[in-house]
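Report on the following structure.
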Amino acid sequence: MALAVLACPQSQPQPRSAFAGPPVRTLGAAELGELAAVEGFAVAVVREGEGEPAERGALVRIHYIALLPDGTELDSSHEDKPILVRIGSDSKLIEGLHEGVVGMRLGELRTIAIPSRLGYQNRAGVGVPADATLTFLVELVEITPG
């Protein structure tokens, strides 16, 4: 049985400006489940994607820009290739990013606000202030269903 790999035809990641403006929709309790009760966790869809949603266990490639609370860029995949992760089990992503990517469709853009409880918490050495809520601008560029 062959795996279906769905990928965006574009090769360049969307710029930060593509995430500006009002979202198309904001995920609520129905989509976020118990995470809707986590103070500071929010997911907004900036541009809808196409196809089937990415589920836990799917292998995905994402581009991201991580922002500190003051809007300063903390990290980005834009100078490299998109990162390849398995949703829900890859240690390369913080918990809040795993949760924010669930349900994304190919080509979708999301803004994900991640409080420290679902992020870096109080770990030293990652350049994040204690108890900071980070914002991730995420683009889903490839899905391989789990």
Side-chain angles (χ1 to χ4, degrees), residues 2-121 126-129 131-146:
L3 289 178
V5 177
L6 304 170
C8 287
Q10 68 192 36
S11 60
Q12 295 299 313
Q14 293 296 303
R16 186 171 172 174
S17 61
F19 294 84
V24 174
R25 65 186 173 93
T26 301
L27 274 56
E31 294 106 340
L32 296 177
E34 63 187 50
L35 288 173
V38 176
E39 186 176 338
F41 185 68
V43 180
V45 177
V46 176
R47 181 180 76 197
E48 297 282 0
E50 298 178 355
E52 294 298 314
E55 298 177 349
R56 290 186 202 297
L59 197 58
V60 298
R61 285 188 197 276
I62 61 170
H63 268 300
Y64 69 92
I65 300 170
L67 304 172
L68 293 170
D70 67 1
T72 302
E73 189 173 302
L74 173 67
D75 191 20
S76 173
S77 66
H78 286 204
E79 296 299 319
D80 298 311
K81 294 179 181 178
I83 62 169
L84 178 66
V85 295
R86 185 159 310 273
I87 300 175
S89 64
D90 198 311
S91 64
K92 287 186 269 189
L93 294 186
I94 56 176
E95 181 183 0
L97 198 47
H98 277 285
E99 298 299 336
V101 170
V102 170
M104 285 186 80
R105 297 171 191 274
L106 190 63
E108 190 164 306
L109 301 180
R110 284 189 179 182
T111 299
I112 307 168
I114 303 175
S116 67
R117 175 178 161 211
L118 298 174
Y120 293 103
Q121 299 173 12
V126 293
V128 178
D131 297 323
T133 295
L134 302 177
T135 300
F136 281 79
L137 310 177
V138 180
E139 174 185 8
L140 183 64
V141 295
E142 185 178 299
I143 303 174
T144 304

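We find the CD1-NZ distance between I62 and K92 to be 9.5 Å, quoted to the nearest 0.5 Å. Atom CD of E52 is separated from atom CG of L106 by 11.5 Å, given to the nearest 0.5 angstrom. Once rounded to the nearest 0.5 Å, the distance linking CG of D90 with CD1 of I83 reads 7.5 Å.
Remark: side-chain polar atoms of R105 are paired, donor with acceptor, to backbone N or O of G51 under 3.5 angstrom. Judged purely by atom type and a 3.5 angstrom limit, R16 has no side-chain atom pairing as donor or acceptor with the backbone of I65. Proximity of a side-chain donor or acceptor of S77 to a complementary backbone N or O of P82 within less than 3.5 Å is not detected.
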Inset, instruction - Decide side chain to side chain contact (heavy atoms under 4.5 Å, CB included) for R117 and V38; before the verdict, give the C-alpha distance in whole Å, the side-chain angles of both, and the deciding distance to 0.1 Å. - result: CA-CA 8 Å; R117 175 178 161 211; V38 176; 3.4 Å; yes
Legend entry - Worked check of side chain to side chain contact (heavy atoms under 4.5 Å, CB included) between E99 and L118: CA-CA 9 Å; E99 298 299 336; L118 298 174; 5.8 Å; no
Inset, instruction - Take R25 and L27 through the side chain to side chain contact (heavy atoms under 4.5 Å, CB included) test and state the conclusion after the steps. - result: CA-CA 7 Å; R25 65 186 173 93; L27 274 56; 3.6 Å; yes
Inset, instruction - Could you please spell out the steps behind the side chain to side chain contact (heavy atoms under 4.5 Å, CB included) verdict for R56 and V102? - result: CA-CA 6 Å; R56 290 186 202 297; V102 170; 3.6 Å; yes
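Taking both residues in full, the closest heavy atoms of F41 and I112 are given as CE1-CG2, 4.0 Å, listed atom of the first, atom of the second, then distance. Contact detail for Q14 and A18: the closest heavy-atom pair is OE1-CB, 3.7 Å. Considering all non-hydrogen atoms of both residues, E73 and L67 come closest at CA-CD2, 3.9 Å. Annotation for V60 and V101: closest pair CG2-CG1, 4.4 Å, computed over non-hydrogen atoms. A54 and L140 get closest at one heavy-atom pair: CB-CD2, 4.4 Å. Summarising the geometry of L134 relative to L68, their closest heavy-atom pair is CD2-CD2, 3.9 Å, with the distance given to 0.1 Å.
Put simply, the side chain of E108 reaches to within 4.5 Å of the side chain of E48, judged on heavy atoms.
The pair E139-R61 does not meet the salt-bridge criterion, since no charged nitrogen lies less than 4.0 angstrom from a carboxylate oxygen.
Between H78 and H63, the ring planes lie perpendicular to each other; the angle is over 60°, past the 30° to 60° tilted range.
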